[in-house]
Amino acid sequence: WIEPPWRNSSPVSLAQQGTQPQSIKIEGDITLGGLFPVHSRGPAGVPCGDVKREKGIHRLEAMLYALDQINSDPDLLPNITLGARILDTCSRDTYALEQSLTFVQALIQKDNSDVRCSNGEPPIIPKPERVVGVIGASGSSVSIMVANVLRLFAIPQISYASTAPELSDNSRYEFFSRVVPPDSYQAQAMVDIVKAMGWNYVSTLASEGNYGESGVDAFLQISREAGGLCIAQSIKIPREPRPGEFDKIIKRLMETSNARGVIIFANEDDIKRVLQAAKKANLTGHFLFVGSDSWGAKSSPIQDQEEVAEGAVTILPKRASIDGFDQYFTSRSLENNRRNIWFAEFWEDDFKCKLTRPGIKYDPSRRKCTGDERISQDSQYEQEGKVQFVIDAVYAMAHALHSMHLDLCPGYMGVCEKMDPVEGRMLLQYIRSVNFNGSAGTGVMFNENGDAPGRYDIFQYQMSNVSNPGYKDIGQWTNHLRLNPEEMQWSGGDRRIPDSVCSFPCEPGERKKMVKGVPCCWHCELCDGYQYLLDEFSCDMCPFDMRPLPNRTGCRPTPIIKLEWSSPWAIIPVFLAILGILATTGVIGTFVRFNDTPIVRASGRELSYVLLTGIFLIYLITFLMIAEPSVAVCAFRRLLLGLGMCISYAAMLTKTNRIYRIFEQGKKSVTPPKFISPTSQLIITFILISVQLLGVFIWFGVMPPHTIIDYEEQKPPNPEFARGVLKCDMSDLSLMLCLSYSIVLMITCTVYAIKSRGVPETFNEAKPIGFTMYTTCIIWLAFVPIFFGTAQSTEKMFIQTTTLTVSMSLSATVSLGMLYIPKVYVIIFHPEQNVQKRKRSFKAVVQAATVSTHLSMKSSEKQNGESKIEPDRSQ
């Protein structure tokens, strides 16, 4: 046995060398094992490094403190003393595996039958101590390695710090339990935090190893099951990172810069170097870290990187500082704590002094320890966060042994035969059944997988607008999240939670076009034209009689319009029609007043009244075309649209035909042609008119008049200007068919006017009718391209109605002006010319007309330079 020089040997505190691992041995009736990372991992080739004050010594002393408390408790395991064998894992799983073989030595059967002493007697081999259960380990990778060995020998194990979800697998680690919740609960809490902040696009960072990788795997699995959360990148930090590795990690994270949230399951060193790399890249305030319990509320990972870490949300199993342990630990000294063989190293490290020990060269640069130093007075002290859980783990083992003792050894003082040895599988059942209030007052219990319930405190590191920069408690998680957003604060003191989303919500009327393979990313596309937003992902066309709302979230009825009387498109036609009606009325009145005068009689009173009636109806149709469509209005439009023109041109055709026949007949004989009397003329005219009426009435029978609302006519690309047009059921084609008969009459009349152009103007109306028809043809030739050229215009109805009514009014005006205004002028202003002239016989009229025609033809030929005179074939 080798003892430190600063204390005397103790039967219960031993530092061992040789084949025995270095350990602490506490004698007792029942021995518990203990695994603690007293030292850090050593450099290559060296198993152990420097002493770990908090994670190592604090936790180890917590176990010793718990054993003292239990052994002094008369109600818990009375008359039974708990002992311990405590080993150092040196934060290395392979080294811990070697050390933990100590726990199973007593269970390994050795064949010593061929071993004899020098005197021939069999050797006396001391019975190795039997460990009934193990407290530890700390790191998940260490616990996994040790658990694989302990399960072979049915030794229950209770960890105080291992949180890897993998250890919840009861089929592989059936003897493993823990008083801390697994990372799967932590991952669930972190998913809930991310969702509560409205984030849906984050990256993950994990230190290579069981803790980091399994923590991120749990986070990924839970986020997939929960839905609505996408992982931009999942990056692993190597165990032995190369130079510049962390700069590359930050560069990779910036490839998806919208994913500002970074979920980090990493050790302290990796966290610190990630923050350093972010600061180096001038990305302070960009990343929003959500740290696991390895970050917790520690100051070491963020030292000198506070600006980068500002706003980081961290999670830590709910814990409390144990006042009794503080009193115990601060009272420890070199004299009263000889059982802890590593306490001297802690003392030197804590007080920055040097003890004199054999084999250790004296360092003159460090002062010599006096042994009178006091913890927390001469050094900084803060209870390590897992002390509570170490105490709870020891107490859980003690409560299980107590219950087992009550059942197996009722009324027996000390350990009875049934508990010597303690059967590991039975002890495991008692461990899983414990339920007591732990050192912090919270319940200690295990589920069927040996996991403790999830209880977490949630912190945020804040700097701005706070008197004491540091970690602020902003919520907790116990199976569900309770977060206080009003307590949260981000870089620069901003209270608004920053965004970490792949795509921002689409504006109203925009649909989501998903990015393939990334359910949280989409492009927003506006529902265009006459589409509205049917659902989040698709647009649909509005019904034909509707248009989309301005925000395109639905449809609204398309406004219905008609040609208003106040519209400029209506004012001009109405003005022309009123003037025409007044003029026509004046002409009719004049003719009626002077009905028996020579001019009125010579103009053919009967046909004149018919023609004037047609002109009046042409002007009147303007009002029907502009009036609000109804069944009656539509019926009158059909009836009168072509009727007015038909009456006018039928009368003029009858007149020109009569003149043409008279003079053509006169060239052949002196007998007047048939059907030239006024009555005959009226009959011919009404026959021609009846064709139009017959067609209209057939149209009435085949397709009764009705109104329609045309939503296609005024449907421009911009739906805001869309209008439904209330109109009669007359298409452009039916309108032209309605007018076609009148046009045929007009063309026929024009032909006869041309044929009769040589008749002397002193005795007939052929020339005025000819000029009327020429002008009318020009008007209607201009009408056709305007009418059909505007078929695609949004103002189609207005333009076509105005064009049609103006063209009809102009043609009526031409007829009125050419045929009757001169007569009215003579009747009113030159009544002396309105007298009876000498009557001439039909033969005289024809001869005079024939001579006049020949004279005009000869004159024309001379003007053209021709001297040849054709014989007069009419004689």
Check against disulfide bond (SG atoms under 2.5 Å apart), C230 and C520 = CA-CA 6 Å; C230 299; C520 301; 2.0 Å; yes
Given R178 and S168, is the side-chain hydrogen bond (donor to acceptor under 3.5 Å, both in side chains) satisfied, shown in steps?
-> CA-CA 9 Å; R178 48 187 163 192; S168 296; 2.7 Å; yes
Hey, mind stepping through F289 and Y461 against side chain to side chain contact (heavy atoms under 4.5 Å, CB included) and telling me if it holds?
-> CA-CA 10 Å; F289 294 101; Y461 186 75; over 6 Å; no
Would you sort out whether L32 and M63 count as a side chain to side chain contact (heavy atoms under 4.5 Å, CB included), showing the intermediate values?
-> CA-CA 10 Å; L32 302 180; M63 181 172 179; 4.2 Å; yes
Can you check side-chain hydrogen bond (donor to acceptor under 3.5 Å, both in side chains) on D217 and S214, steps first, answer last?
-> CA-CA 5 Å; D217 287 345; S214 60; over 6 Å; no
For the pair Y173 and S143, evaluate side-chain hydrogen bond (donor to acceptor under 3.5 Å, both in side chains) and give the outcome as yes or no after the intermediate values.
-> CA-CA 10 Å; Y173 308 104; S143 286; over 6 Å; no
Can you check side chain to side chain contact (heavy atoms under 4.5 Å, CB included) on Y395 and V444, steps first, answer last?
-> CA-CA 9 Å; Y395 264 89; V444 176; over 6 Å; no
After noting the C-alpha distance and the side-chain angles of D349 and D50, does the key distance pass the side chain to side chain contact (heavy atoms under 4.5 Å, CB included) rule?
-> CA-CA 9 Å; D349 189 69; D50 297 332; 6.0 Å; no
Please step through side-chain hydrogen bond (donor to acceptor under 3.5 Å, both in side chains) for the pair D88 and W342, ending with a clear verdict.
-> CA-CA 10 Å; D88 179 12; W342 296 291; 4.6 Å; no
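E174 places no side-chain N or O within 3.5 Å of a backbone atom of N170 that could act as its donor or acceptor partner. Although no hydrogens or angles enter the test, the distance criterion places a donor-acceptor pair under 3.5 Å between the side chain of Q388 and the main chain of A320. Within the 3.5 Å criterion, the main-chain N or O of A137 finds a donor-acceptor partner in the side chain of S159. Side chain of D499 to main chain of V501: no donor-acceptor pair is present (N/O by atom type, distance under 3.5 Å, no hydrogens or angles). With S500 contributing its side chain and Y201 its backbone, the two residues share a donor-acceptor pair below 3.5 Å. With hydrogens and angles ignored, the 3.5 Å screen pairs a side-chain donor or acceptor of R260 with a backbone N or O of G285. With hydrogens and angles ignored, the 3.5 Å screen pairs no side-chain donor or acceptor of S203 with any backbone N or O of S234. The main-chain N or O of G475 is found under 3.5 Å from a side-chain atom of D473 such that the two form a donor-acceptor pair. No donor-acceptor pair closer than 3.5 Å links the side chain of N449 to the backbone N or O of D451.
How far CZ of R239 is from CD of E208: 5.5 Å, rounded to the nearest 0.5 Å. Remark: Q460 CD to N484 CG distance equals 11.5 Å, nearest 0.5 Å. For the atom pair CD (E307) and CE (M463), the distance works out to 4.5 Å, reported to the nearest 0.5 Å. The distance from atom OG of S294 to atom CG of N267, rounded to the nearest 0.5 Å, is 7.0 Å.
The local environment of NZ in K251 is sparse, with at most 12 non-hydrogen atoms from other residues, nucleotides or ligands closer than 6.0 Å. Residue Q380 places its CD atom among 12 or fewer non-hydrogen atoms of other residues, nucleotides or ligands, all under 6.0 Å distant. The environment of D535 atom CG is dense: over 12 non-hydrogen atoms of other residues, nucleotides or ligands sit within 6.0 angstrom. N551 CG: more than 12 foreign heavy atoms inside a 6.0 Å radius. Sparse packing is recorded around CD of E382, with 12 or fewer heavy atoms of other residues, nucleotides or ligands lying under 6.0 Å away.
In this structure, K512 pairs ionically with E536, as a charged nitrogen and a carboxylate oxygen lie closer than 4.0 Å. Salt bridge status for E166 with R172: present, with a side-chain N to carboxylate O gap under 4.0 Å. Using a 4.0 Å cut-off between a side-chain N of Lys or Arg and a carboxylate O of Asp or Glu, D270 and R273 qualify as a salt bridge. A salt bridge links K55 to E268: at least one charged side-chain nitrogen sits closer than 4.0 Å to a carboxylate oxygen.
With contacts defined as side-chain heavy-atom distances shorter than 4.5 Å, the pair F287/M254 qualifies. Contact check for F36 versus S138: no side-chain heavy atoms found under the 4.5 Å cut-off. Between Q186 and P181, the closest side-chain pair of non-hydrogen atoms is not below 4.5 Å. Counting heavy atoms from C-beta on, the side chains of F246 and K280 never come closer than 4.5 Å. Looking at F219 and V202, their side chains come closer than 4.5 Å, going by heavy atoms from C-beta outward. Contact of the L533 side chain with the E510 side chain is not registered, since no non-hydrogen atoms from C-beta on lie closer than 4.5 Å. Residues L428 and S177 have side chains in contact (heavy-atom distance under 4.5 Å, counting atoms from C-beta outward). Between Q462 and E310, the closest side-chain pair of non-hydrogen atoms is not below 4.5 Å.
The nearest pair of heavy atoms linking D326 to S321 is OD2-OG, 3.4 Å.
Aromatic pair F346/F329: ring centres closer than 6.0 Å. Close placement of the Y381 and H58 rings is indicated, their centers lying within 6.0 Å of each other.
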